[in-house]
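Input: a single structure, listed below in structure tokens.
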Amino acid sequence: MNAASPRYWLMKNEPDDYAIDHALSAPDATIAWDGVRNYQARNFMRDDMQVGDGVLYWHSSCAEPGIYGIARIAGQLRPDTSQFDPQSKYYDPKSKPEAPRWLMLDVQALRKIRPITVAALRQYPELQEMRVLQKGNRLSITPVDEAHWRFIMDLVKAQG
DNA sequence: GCCAACGTTGGC
DNA sequence: GCCAACGTTGGC
């Protein structure tokens, strides 16, 4: 991926873990985005994300999956501490502190929006190429085209 | 709770 | 290094 272009991301979270409200109530509305256990998603964080990138804050595994907030990448790529914590559900016994396998970074929530559900997103032909809407998509982090980002920002504005 | 899709693992 | 079996994701 081109490292210079402005970029946008969709990041999935389960509301039980890090709901948008949880993020907004954290200090500086910033949370460490841990628990990524997929190499492709990790590589996006490691290689392509830059501070300031826009984030669509997605809730999955809930009654109405969809976009629940707007956020930004706030930085500080570092080893995901949960991989070394046997108490964590994200514990990875094969990862060693001297060679951490998983990474995390900070995401700052900017605002909560009226949820734009999967069903709502599917109504727009302009968005049908979005990765998150493709059948079988399971990646927790996906790049978002600028055109898609703009379209969604317009939807948010129209919410008033 | 079902199940399609897809990533990971491990025997060979 | 192939590929079948298995595990996980996540919308429905």
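Values reported hereafter were calculated over all heavy atoms of this structure, with side chains retained and with hydrogens, waters and symmetry mates removed. A note on names: the letters A, B, ... follow the listed sequences, proteins ahead of strands, and every chain is numbered from 1.
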Discussion item. Without decimals, in angstroms, what is the distance between A:N13 CG and C:dG11 P?
Written reply: 12 Å

Fill in: Interatomic distance where NE2 belongs to A:H59 and C1' belongs to C:dG11 [whole Å]
16 Å

Discussion item. Between A:D145 and A:R7 (salt bridge meaning N to carboxylate O under 4.0 Å), is one present in this structure?
Written reply: no

Discussion item. Which nucleotide wins on minimum distance to the side chain of A:K94, given the candidates B:dG7, B:dT9, C:dG10?
Written reply: B:dT9

Worksheet item: Looking only at side-chain N and O atoms, does A:K12 come under 4.0 Å of OP1 or OP2 in C:dG10?
Response: yes

Worksheet item: Does A:R122 make a side-chain N or O approach to OP1 or OP2 of C:dC12 shorter than 4.0 Å?
Response: yes

Response to the item:
note: A:E14, atom CD; C:dT9, atom C1'; distance rounded to Å ~ 9 Å

Fill in: Nucleotide C:dG11, atom P - distance to CG of A:L133 in whole Å
10 Å

Fill in: A:W58 side-chain N/O to C:dG11 phosphate OP1/OP2 under 4.0 Å
yes

Worksheet item: Considering only heavy atoms from C-beta outward, does the side chain of A:V55 approach that of A:L10 to under 4.5 Å?
Response: no

Discussion item. Any side-chain to backbone donor/acceptor pair from A:Q108 onto A:D28? Under 3.5 Å, distance only.
Written reply: yes

Fill in: Sub-4.5 Å side-chain heavy-atom contact between A:L56 and A:Y8
no

Discussion item. Just N and O in the side chain of A:K135: are any of them under 4.0 Å from OP1 or OP2 of B:dC6?
Written reply: no

Fill in: Atom-to-atom span, CG of A:N137 to P of B:dA5 - whole angstrom
13 Å

Worksheet entry | Options C:dG10, C:dC12, B:dT9, nucleotide nearest the side-chain atoms of A:S60 | C:dG10

Worksheet item: In whole angstrom, what separates A:W102's CH2 from B:dT8's P?
Response: 7 Å

Worksheet entry | For atom CG of A:L139 and atom P of B:dG7, their distance in whole Å | 7 Å

Worksheet item: Between A:F151 and A:Y124, what is the ring plane arrangement, given parallel below 30°, perpendicular above 60°, and tilted in between?
Response: perpendicular

Fill in: Rounded distance (Å) that lies between atom P of C:dG7 and atom OH of A:Y39
18 Å

